[in-house]
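Input: a single structure, listed below in structure tokens.
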Amino acid sequence: MTDIDRAAPRRRLPVITGILVLIALAILISLGTWQVQRLHWKEGLLADIAARQAAGPVPLADIEAMAASGGDIEYRKVTATGRYINNKERHFFATWRGQTGFYVYTPLELADGHFLFVNRGFVPYENKEPEMRMQGQLTDQQTVTGLARAKLPGKPSSLVPDNDVAKNIFYWKDLDVMAESVGLEKGRVIPFFVDADSTPNPAGLPIGGVTQVDLPNDHLQYAFTWYGLAAVLVVVVAISWFRKSGKQPAQ
């Protein structure tokens, strides 16, 4: 084998390394740019949610029409009038301000015979049963104002426990099962929830206004991370090149 044949692989190695570095750099920059785009999207979404929460309430029929047409009803303020069917309330396991308990979902019977499941708010664990908070069991006609919440398409995650219907403990908001478990026909149930606002209930329970907008916005941090890794890669490659060429980086 000649000297030229032996030198060829050595010449190809820097070229291959350079190509790999460029590919890695392109990937890192692309990931950083994607996170910036996600940041703008998330900021717009949060601003939209804030605007919906600040807007005046609209009649339930308007939200129904929007949901039927495939519109986004999440966090839109709505008002509805009806009578709570207290003996059909469902309990969703939750924590509120560090305390364990339940959100109370009660069907509101509307004038047209349909039912709207209303998240009336939080009760501590020891107040799960209605007899422990009888003053809050409203019996006459009520007008509730709150935020529309979309029906979940399915169980959010395999890590979420299965609902214990027999004990009336729900770990995820399965509207169809909530309705079925209390004998309500699916066709007579409004296909979304409403989270009641913070209007006080008698004796303070349930505690309304428990809606939490849990949309973490860490995209800026992620963008800095990817761009930072790209910068580190450039520095490492530059130092390596200077060392191999027998030069030192400028001070």
Side-chain angles (χ1 to χ4, degrees), residues 35-82 84 89-110 114-124 136 138 141-154 156-157 160 170-175 178 189-202 204-221:
Q35 288 297 334
V36 171
Q37 293 170 346
R38 293 282 294 175
L39 172 65
H40 294 323
W41 168 80
K42 184 64 68 64
E43 289 177 340
L45 178 61
L46 291 171
D48 186 38
I49 291 173
R52 294 181 186 187
Q53 292 178 313
V58 300
L60 179 64
D62 291 0
I63 302 298
E64 287 186 79
M66 184 179 295
S69 65
D72 182 8
I73 65 169
E74 277 285 85
Y75 305 110
R76 294 188 185 277
K77 193 172 290 185
V78 60
T79 183
T81 299
Y84 284 120
E89 69 180 31
R90 302 287 83 186
H91 304 143
F92 175 75
F93 186 78
T95 58
W96 175 247
R97 295 179 178 174
Q99 190 174 12
T100 302
F102 300 90
Y103 292 161
V104 177
Y105 282 80
T106 307
L108 184 74
E109 185 176 12
L110 308 173
H114 285 77
F115 296 89
L116 171 69
F117 269 87
V118 176
N119 175 8
R120 297 192 58 209
F122 177 81
V123 296
L138 305 177
Q141 183 166 279
Q142 303 292 322
T143 296
V144 59
T145 298
L147 301 176
R149 303 301 310 278
K151 173 184 175 181
L152 295 178
S157 166
V160 177
F170 286 78
Y171 297 99
W172 67 280
K173 297 179 291 183
D174 189 338
L175 178 57
M178 283 184 174
V189 177
I190 304 297
F192 53 84
F193 302 94
V194 167
D195 288 353
D197 64 13
S198 57
T199 301
N201 287 303
L205 294 176
I207 302 169
V210 296
T211 305
Q212 300 180 50
V213 181
D214 187 15
L215 296 175
N217 189 13
D218 299 322
H219 299 294
L220 182 60
Q221 175 184 334

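Count residues from 1 along the sequence.
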Checklist entry - Short question: side chain of R149, backbone of D195 - any donor-acceptor pair under 3.5 Å? => result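 Not at all, since once roles are kept as given, no pair shorter than 3.5 Å links the two residues.
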Nearest atoms (heavy-atom pairs only) where [X] meets [Y]:
X: L116; Y: A80; result: CD2-CB, 3.9 Å
X: V210; Y: I207; result: CG1-O, 3.2 Å
X: A196; Y: V144; result: CB-CG2, 3.8 Å
X: L138; Y: Y84; result: O-CB, 3.9 Å
X: E74; Y: D72; result: N-OD1, 3.2 Å
X: T81; Y: L108; result: C-CD2, 4.1 Å

Checklist entry - Mind checking whether W96 and F122 have parallel, tilted or perpendicular rings, split at 30° and 60°? => result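 Rings of W96 and F122: tilted, 30 to 60°.
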[atom2] on [Y] to [atom1] on [X], rounded to 0.5 Å:
X: N217; Y: W41; atom1: CG; atom2: CH2; answer: 9.5 Å
X: Q37; Y: H219; atom1: CD; atom2: NE2; answer: 11.5 Å
X: F193; Y: M178; atom1: CZ; atom2: CE; answer: 5.0 Å

Next on the checklist: One pair to check against side chain to side chain contact (heavy atoms under 4.5 Å, CB included): D48 and R52. What are the steps and the verdict?
Outcome noted: CA-CA 6 Å; D48 186 38; R52 294 181 186 187; 2.9 Å; yes
List in chain and number order the residues that pass side-chain contact (heavy atoms from CB on, under 4.5 Å) with [X], two or more places apart in sequence or in another chain; answer none if no residue qualifies.
X: Q53; result: I49, Y75, L147, V213
X: T100; result: F93, T95, Y125
X: T79; result: P57, T143, T145

Next on the checklist: Between R120 and N201, is there a side-chain donor-acceptor contact under 3.5 Å, judged purely by atom types and distance?
Outcome noted: yes
Checklist entry - Do K173's NZ or CZ and the ring of Y105 fall within the cation-pi criteria of under 6.0 Å and 45°? => result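 No, K173 does not sit over the ring of Y105.
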